[in-house]
Asker: 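Just dropping this structure here.
Throughout, a chain's letter reflects where its sequence line sits, starting with A, and its residues are numbered from 1.
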Number of protein chains: 2
Amino acid sequence: MRLVIARCSVDYAGRLSAHLPLATRLLLVKGDGSVLVHSDSLSYKPLNWMSPPCTVAVIEPDADQAKAGVSEVWRVAQAKTADLLMISIHEILHDSSHELGFDPGLSKDGTEAHLQKLLAEQIELLGDGFTFVRREYMTAIGPVDILAKDVSGRSIAVEIKRRGDIDGVEQLTRYLELMNRDPHLAPVAGVFAAQEIKPQARTLAEDRGIRCVLLDYDAMRGMDDSHSRLF
Amino acid sequence: MRLVIARCSVDYAGRLSAHLPLATRLLLVKGDGSVLVHSDSLSYKPLNWMSPPCTVAVIEPDADQAKAGVSEVWRVAQAKTADLLMISIHEILHDSSHELGFDPGLSKDGTEAHLQKLLAEQIELLGDGFTFVRREYMTAIGPVDILAKDVSGRSIAVEIKRRGDIDGVEQLTRYLELMNRDPHLAPVAGVFAAQEIKPQARTLAEDRGIRCVLLDYDAMRGMDDSHSRLF
DNA sequence: ATGTCTATCTCGCTC
DNA sequence: GAGCGAGGTAGACAT
């Protein structure tokens, strides 16, 4: 990993065009060749960047550029697309390289996948007598998070989100429309289950006869066998 | 901006929980107090981070941590939420600070906003006799990109995308449904305009009586007065 | 390789 | 502050 602090201007041409005027910024060149341009604020997101696989070539400035004070130009090219990043460097204020080695990566807890697993194990949270059929039930337009049956044996398609948004209701609606055309499944009812459901999403769902259920992740994890075994 | 290369482990607790085992990483502390943890690969996205406003407190390791080789702990706390990032530092391999100053920021060209502006000026691209009414026409469920009228005076709702996907058709469908309930507007027809329209999106749109129009950004920019004035 | 879906999505805008 | 939509969305996972 190479860290460069430099006064530079940046031009990107690819899916759109973008330009950064001359200013002092951090140029971060990673081990895989990718490049990030960061300013001193607006966390998280680089101002500009190039994803791997890409190549960095340092080229001499032409006469006009040299006259404008450019000492070197980095030509960062994507290997698979035509995306191009040109970094015109006026002055390098810091330049250091560091060997970081392998990173074991991030482990997460509390994602939608965890919610889905817990709800599959605790399907009775949706109602007395509910039974679990399967997770990731495949349809022609994608997998339904959970397929279950209610106490009367009717099929229930469950869409799970951490934050229940209008998009999730549209998604479930498409699944229900398709599944209700299948005589082996129909009639299929929908349940929209999430840790948080936005008012607009709830309104749209209930307008379409889809039941909304709020999930309490901590309570569900507390009920989880594999977890409670630790205590 | 402070750049630290350190052997560290990281724990995040907030919207989810996450853990990074001991490894060498870049810790980037920005002028606004935000912190980014980057590894040597997987560009763009930090492994872990804290967005501003947040505070960084350097605290002494407790007895167990000190025994495990921790020399200092950074406690990064979000000011508005309960999010917490704990960085346990075992060894600092590099540490430098740099004054970057103001960044004028990024200017873009070729976004959906540009397409929308150009189409508003060249609304006749949708058909002879079409007239422009307004951009960002507000409805209860969000703004319609362009409201226009056809040659017969019927209202036309236009949804613009750079890449026309099924989501965009759903979005326009929701607007049309709502607007057609308004007696002052109804009947409203829909036009789905994009630089590229996916076959699935086209099929869905046409099935719903929504007309699809392909936009040529370069040609539209060539027609633009403010642009052609340059030549 | 391609498509689909999630995201501590981020970011900007409007009401 | 909440809601809504765009993003060079990126990144993960399945086909």
Asker: Please state whether the phosphate of C:dT8, meaning OP1 or OP2, lies under 4.0 angstrom from any side-chain nitrogen or oxygen of A:R162.
Answerer: no
Asker: Please report the distance, rounded to the nearest Å, between CD in A:E196 and P in C:dA7.
Answerer: 13 Å
Asker: Grab the CD1-P distance between A:I197 and D:dA2 for me, whole Å please.
Answerer: 17 Å
Asker: In whole angstrom, give me the gap between the C1' atoms of D:dG8 and C:dT14.
Answerer: 25 Å
Asker: Does a side-chain N or O from B:R15 land closer than 4.0 Å to OP1 or OP2 of C:dT6, or not?
Answerer: no
Asker: Distance check, P atoms only: C:dT8 and D:dG5, in whole angstrom units.
Answerer: 22 Å
Asker: Establish, from distance only, whether the side-chain atoms of B:R25 and B:S39 form a donor-acceptor pair under 3.5 Å.
Answerer: no
Asker: Is the side chain of A:D182 donor-acceptor paired with the backbone N or O of A:H184 at a distance under 3.5 Å, no angle test?
Answerer: yes
Asker: Is it true that B:R221 and B:D109 make a salt bridge, defined as a side-chain N closer than 4.0 Å to a carboxylate O?
Answerer: yes
Asker: Using the side-chain heavy atoms of A:N48, tell me which of these nucleotides is nearest: D:dA6, C:dC9, D:dG8.
Answerer: D:dG8
Asker: Give A:S17 one of three labels, base, sugar-phosphate or nothing, depending on what nucleic acid heavy atoms sit under 4.0 Å from its own.
Answerer: nothing
Asker: C:dG3 phosphate, OP1 or OP2: any side-chain N/O from B:Q200 under 4.0 angstrom?
Answerer: no
Asker: Measure from CG on B:D165 to P on C:dG3 and round the result to the nearest Å.
Answerer: 11 Å
Asker: Reckon A:K198 has a side-chain N or O less than 4.0 Å from the OP1 or OP2 of D:dA2?
Answerer: no
Asker: Return a table of donor-acceptor pairs under 3.5 angstrom between the side chains of residues 40-53 of chain B and protein atoms on other chains or two or more places apart.
Answerer:
| from | atom 1 | to | atom 2 | distance (Å) |
| --- | --- | --- | --- | --- |
| B:D40 | OD1 | A:G31 | N | 2.7 |

Asker: Show each protein N/O and nucleotides 11-15 of chain D N/O combination with a separation under 3.5 Å, one pair to a line.
Answerer:
| from | atom 1 | to | atom 2 | distance (Å) |
| --- | --- | --- | --- | --- |
| D:dG11 | OP1 | B:S43 | O | 2.4 |

Asker: In plain terms, say whether B:E196 and B:K161 are close enough for a salt bridge, that is, a side-chain N and a carboxylate O under 4.0 Å apart.
Answerer: no
Asker: Between B:G142 and A:M50, name the one whose nearest nucleotide on DNA chain D is closer to the 5' end.
Answerer: B:G142
Asker: Charged N to carboxylate O below 4.0 Å: is that the case for B:K117 and B:E121?
Answerer: yes
Asker: Can you tell which of A:T203, A:L172, A:T173 makes a side-chain contact (heavy atoms from CB on, under 4.5 Å) with A:R208?
Answerer: A:T173
Asker: Would you please confirm or rule out a distance under 4.0 Å between OP1 or OP2 of C:dC5 and any side-chain N or O of A:Y175?
Answerer: yes
Asker: Are any of B:K108's side-chain N or O atoms less than 4.0 Å away from OP1 or OP2 of D:dG7?
Answerer: no
Asker: Nearest-Å distance, CG (A:L84) to C1' (D:dG8)?
Answerer: 13 Å
Asker: Tell me the interatomic distance from A:Q195, atom CD, to C:dT8, atom P, rounded to whole angstroms.
Answerer: 12 Å
Asker: From OH of B:Y137 over to C1' of C:dC15, roughly how many Å is that when rounded to an integer?
Answerer: 15 Å
Asker: Quick one: B:D145 CG to D:dA6 P, roughly how many Å, whole number?
Answerer: 6 Å
Asker: Taking the minimum atom-to-atom distance to the side chain of A:K80, which one of C:dT6, C:dA1, D:dG5 wins?
Answerer: C:dA1
Asker: Ignoring backbone atoms, establish whether A:Q78 has a side-chain N or O less than 4.0 Å from OP1 or OP2 of D:dG8.
Answerer: no
Asker: Whether B:W49 contacts C:dT10 is assessed here as follows: a side-chain N or O lying under 4.0 Å from the phosphate OP1 or OP2. Is that the case?
Answerer: yes
Asker: Once you round it to whole Å, what is the distance between C1' of C:dA7 and CG of A:D109?
Answerer: 16 Å
Asker: Between A:P143 and B:G14, which is nearer to the 5' end of DNA chain C once each is assigned its nearest nucleotide?
Answerer: A:P143
Asker: So, is B:R163 close to the D:dG7 phosphate, meaning a side-chain N or O under 4.0 Å from OP1 or OP2?
Answerer: no
Asker: For the backbone of A:L176 and the side chain of A:N180, can you confirm whether one donor and one acceptor N or O come within less than 3.5 Å of each other?
Answerer: yes
Asker: With distance as the sole test, does A:D165 use its side chain to make a donor-acceptor pair with the main-chain N or O of A:G168 at under 3.5 Å?
Answerer: no
Asker: Picking from C:dT8, D:dA6, C:dT6, which would you name as closest to the side chain of B:E112?
Answerer: D:dA6
Asker: Describe the nucleic acid contact of A:I166 in one word from base, sugar-phosphate, nothing, applying a heavy-atom distance below 4.0 Å.
Answerer: nothing
Asker: Which one, C:dT6, D:dG5, D:dG8, comes nearest to the side chain of A:Q171?
Answerer: C:dT6
